[in-house]
Amino acid sequence: MLTITNDHKNFLKDGKPFFYLADTCWSAFTNITDEEWDYYLEKRKMQGFNTLQINILPQWDASATELDWKPFIDDDPMCLNDSYFEHAKEMLLQAKEEGFELALVVMWCNYVPGTWASNMFKKGILPFEFIKPYVKKVHETFSDLDPIYIVSGDTDFPSEQTEKYYIETARELRKLAPKHLFTTHIKGRYSYIPKELEELIDIRFYQSGHNAKDLTMPYSLSEKMQKEYPLVKPLINSEPCYEEMGYSGNQYGRWKQYDVRRAAWVSVLSGASAGVTYGAAGIYSWHKTKKEFGSLLGEGFDRPKTWQEAMSFPGAWDYGFLARIMKERSITPRQDMLDNATTDIRVAKDQKGELLIYVPCNTRVRLNLDQDYEFIAIDLKYKNVADLSVEKKGLFTCISMHPFSEDALYIGKLSSK
């Protein structure tokens, strides 16, 4: 089971630092065959992922599937299908054997009244009296696997009724699994968590999401969450833009490798440093050839590639690399050191005094430093490494422009000269 460090910023596993690197596989229980699951686990483990985010109930915008795994008998929410939960547990036992931690969504937004999704698709809203028996089933099935419980999925909280559903869910599950870690998954570009629910969670998730109209969201939401909730808890961008996902709102365009890599680095260096989650269009909905995908549902995403193609997206390797860099670092944002006229360059300092700077495109970086540092630049696309020259100009330290074509991570160590 994961625990939280004494400073409440990060995780430990078996007493050792644990950087939460999750993959988004929302539709695992309904759409993935056993053979596909074998391949998926092997590939993601190889890439460095250590956690899987999965929806316990069927994902409302999953791709069509020929499989017939359903949690309710005859679609009656009061008749839980034991075989569905037994099969889901078998999948997770296999994942645990491969070393993965689990983050399970208990109640996605379309099952709860008043949310943006259930207002669009009213069929399937669960009765309030269903919460206790359902939560009991969740606990009996999954709690011995030590998951993180994600109480809400992609939700907003527009009404007291909506809040009541999630608070009741969290309270009931907390009674049964008091030692487990709890969090919420809230909708994109959103930061509000009801006070009663916030008191029941141990981790804060936010979702910078898939809207291309404001590219500051991965770091500005992190800063906003830290300001609005001064009590420190591990903070994670649990849904940055997904690789090859179409822009939301039917806007033409897709998120590419650079975009998802940038979203990860600026999130982590802005203080959402307990971990980060990767997503790939075609994986979260587990899309297969010639199967339907609801392109007009929800935020109106364009059709994904198949899961086989999506497993080869290069951004997954970038996230694994990020996790290796961050594995034993505890960082503090230090934007106050930056003199460049942009917030897109992100600066942080780790517990050993090393500086980490994310530079999204070539430019000279100006820092206000009171000590001398030596810097290297890591090419985040090809992983080449360059030494950078440093020049003092008055009160500022100027770092030479990196030689690479896209983004770079600068690592600065105190000068030995």
Pair S330-D7, side-chain contact (heavy atoms from CB on, under 4.5 Å): steps then yes or no: CA-CA 10 Å; S330 177; D7 63 4; 3.8 Å; yes
Worked verdict on T115 versus S118 for side-chain hydrogen bond (donor to acceptor under 3.5 Å, both in side chains): CA-CA 5 Å; T115 68; S118 62; 3.0 Å; yes
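- Atom CG of N50 sits about 10.0 Å away from atom CZ of F11, to the nearest 0.5 Å.
- Ion pairing between K137 and D82 holds under the 4.0 Å rule for side-chain N and carboxylate O.
- Between E98 and K45 a salt bridge is recorded (basic side-chain N to carboxylate O distance below 4.0 Å).
- D318 and Q257 share a side-chain donor-acceptor pair at under 3.5 Å.
- In this structure, W26 has its ring center under 6.0 Å from that of W108.
- The 12-atom threshold is not exceeded at CD of E35, counting heavy atoms of other residues, nucleotides or ligands nearer than 6.0 Å.
- Atom CE of M326 and atom CG of L269 lie 6.5 Å apart (nearest 0.5 Å).
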Chi angles and distances behind the side-chain hydrogen bond (donor to acceptor under 3.5 Å, both in side chains) call for E163, S159: CA-CA 6 Å; E163 294 183 9; S159 70; over 6 Å; no
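- K256 and E243 are not joined by a salt bridge, as no carboxylate oxygen comes within less than 4.0 angstrom of a charged side-chain nitrogen.
- Between F293 and Y284, the angle of the ring planes goes over 60°, which puts this pair in the perpendicular group of the 30/60° scheme.
- The aromatic ring centres of W286 and W69 sit 6.0 Å or more apart.
- A cation-pi arrangement is not found for K413 relative to Y373, the charged atom failing to lie both closer than 6.0 Å to the ring centre and inside a 45° cone about the ring normal.
- Under the 3.5 Å distance criterion, the side-chain polar atoms of N362 are matched with a main-chain donor or acceptor of F404.
- Cation-pi geometry between R261 and Y319 is not satisfied (NZ or CZ under 6.0 Å from the ring centre, within 45° of the ring normal).
- Within the 3.5 Å criterion, the main-chain N or O of P113 finds a donor-acceptor partner in the side chain of T162.
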ring-ring contact (aromatic ring centres under 6.0 Å, His included) assessment of W116 paired with W60: CA-CA 13 Å; W116 69 270; W60 71 289; 5.6 Å; yes
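- Remark: Y20 OH to E101 CD distance equals 10.0 Å, nearest 0.5 Å.
- A search for side chain to side chain contact (heavy atoms under 4.5 Å, CB included) contacts involving A281 returns M245, P304, not counting sequence neighbours.
- Y247 pairs with exactly one of Y252, F301, W255, Y242 by the ring pair (Phe, Tyr, Trp, His ring centres under 6.0 Å) rule, that one being W255.
- Using a 4.0 Å cut-off between charged nitrogen and carboxylate oxygen, R174 and D202 count as a salt-bridge pair.
- T183 contributes a side-chain N or O that, together with a main-chain N or O of I203, makes up a donor-acceptor pair within less than 3.5 Å.
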N340/T342 under side-chain hydrogen bond (donor to acceptor under 3.5 Å, both in side chains): CA gap, chis, key distance, verdict: CA-CA 6 Å; N340 293 64; T342 178; over 6 Å; no
Stepwise salt bridge (Lys or Arg N to Asp or Glu O under 4.0 Å) check, K349 with D336: CA-CA 11 Å; K349 193 173 188 177; D336 58 298; over 6 Å; no
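- A salt bridge links K195 with E199: at least one charged nitrogen is closer than 4.0 Å to a carboxylate oxygen.
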Check against side-chain contact (heavy atoms from CB on, under 4.5 Å), M311 and I283: CA-CA 7 Å; M311 286 300 298; I283 298 297; 3.5 Å; yes
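- Under 4.0 Å is where a charged nitrogen must lie from a carboxylate oxygen, and between D156 and K187 at least one such pair does.
- The pair E328-K16 does not meet the salt-bridge criterion, since no charged nitrogen lies less than 4.0 angstrom from a carboxylate oxygen.
- Of the N and O atoms on the side chains of E239 and H210, at least one donor lies less than 3.5 Å from an acceptor on the other residue.
- Between R262 and D344 there is a salt bridge, with a side-chain nitrogen of the basic residue lying less than 4.0 Å from a carboxylate oxygen of the acidic one.
- Using modelled atom types, one finds a donor on one side chain and an acceptor on the other under 3.5 Å when comparing H287 with S63.
- Distance CD/Q59 to OG1/T65: 13.5 Å, rounded to 0.5 Å.
- Note: F121 and Y111 fail the aromatic proximity criterion, with ring centroids not under 6.0 Å apart.
- In this structure, CD1 on I357 lies 8.5 Å from CG on L409, to the nearest 0.5 angstrom.
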Derivation of the salt bridge (Lys or Arg N to Asp or Glu O under 4.0 Å) call for D38 and K43: CA-CA 9 Å; D38 290 341; K43 184 68 174 284; over 6 Å; no
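- A salt bridge links K136 to E140: one of the charged nitrogens lies within less than 4.0 Å of a carboxylate oxygen.
- Side chain of Y278 to main chain of A264: no donor-acceptor pair is present (N/O by atom type, distance under 3.5 Å, no hydrogens or angles).
- At a cut-off of 3.5 Å, with distance as the only test, a side-chain donor of T33 or E36 sits close to an acceptor on the other residue.
- The only member of N237, D154, T277 that meets side-chain hydrogen bond (donor to acceptor under 3.5 Å, both in side chains) when paired with Q207 is D154.
- Note on D75 versus K123: no salt bridge recorded, every NZ/NE/NH1/NH2 to OD/OE distance being 4.0 Å or above.
- Formation of a donor-acceptor pair under 3.5 Å by the Y410 side chain with backbone atoms of H402 is found in this model.
- Figure legend: K381 and Y258 shown without cation-pi pairing, the cationic atom not lying both under 6.0 angstrom from the six-membered ring centre and within 45 degrees of its axis.
- Counted within 6.0 Å of CG on D76, heavy atoms from surrounding residues, nucleotides or ligands total more than 12; the atom is thus considered enclosed.
- A donor-acceptor pair under 3.5 Å is absent between the side-chain atoms of T155 and the main chain of S152, judged by distance alone.
- Taking each heavy atom of H180 and P147 in turn, the nearest pair found is CD2-O, 3.3 Å.
- A salt bridge is absent between R171 and E168: the closest approach of a Lys/Arg side-chain nitrogen to an acidic carboxylate oxygen does not fall below 4.0 angstrom.
- F130 and Y134 have parallel rings, their planes meeting at less than 30° on a 0 to 90° scale where 60° marks the start of perpendicular.
- Residues meeting the side chain to side chain contact (heavy atoms under 4.5 Å, CB included) test with M46, sequence neighbours left out: W317.
- For R346, the salt bridge (charged side-chain N to carboxylate O under 4.0 Å, His left out) partners two or more places apart in sequence, or in a different chain, are E223.
- Rounded to the nearest 0.5 Å, atoms OH (Y206) and CD1 (I193) are 12.5 Å apart.
- Between E66 and K288 there is no salt bridge, since none of the side-chain N atoms of the basic residue sits less than 4.0 Å from a carboxylate O of the acidic one.
- Remark: aromatic rings of F49 and F100 are distant, center separation not under 6.0 Å.
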Chi angles and distances behind the side-chain hydrogen bond (donor to acceptor under 3.5 Å, both in side chains) call for S143, Y149: CA-CA 9 Å; S143 286; Y149 280 123; 2.8 Å; yes
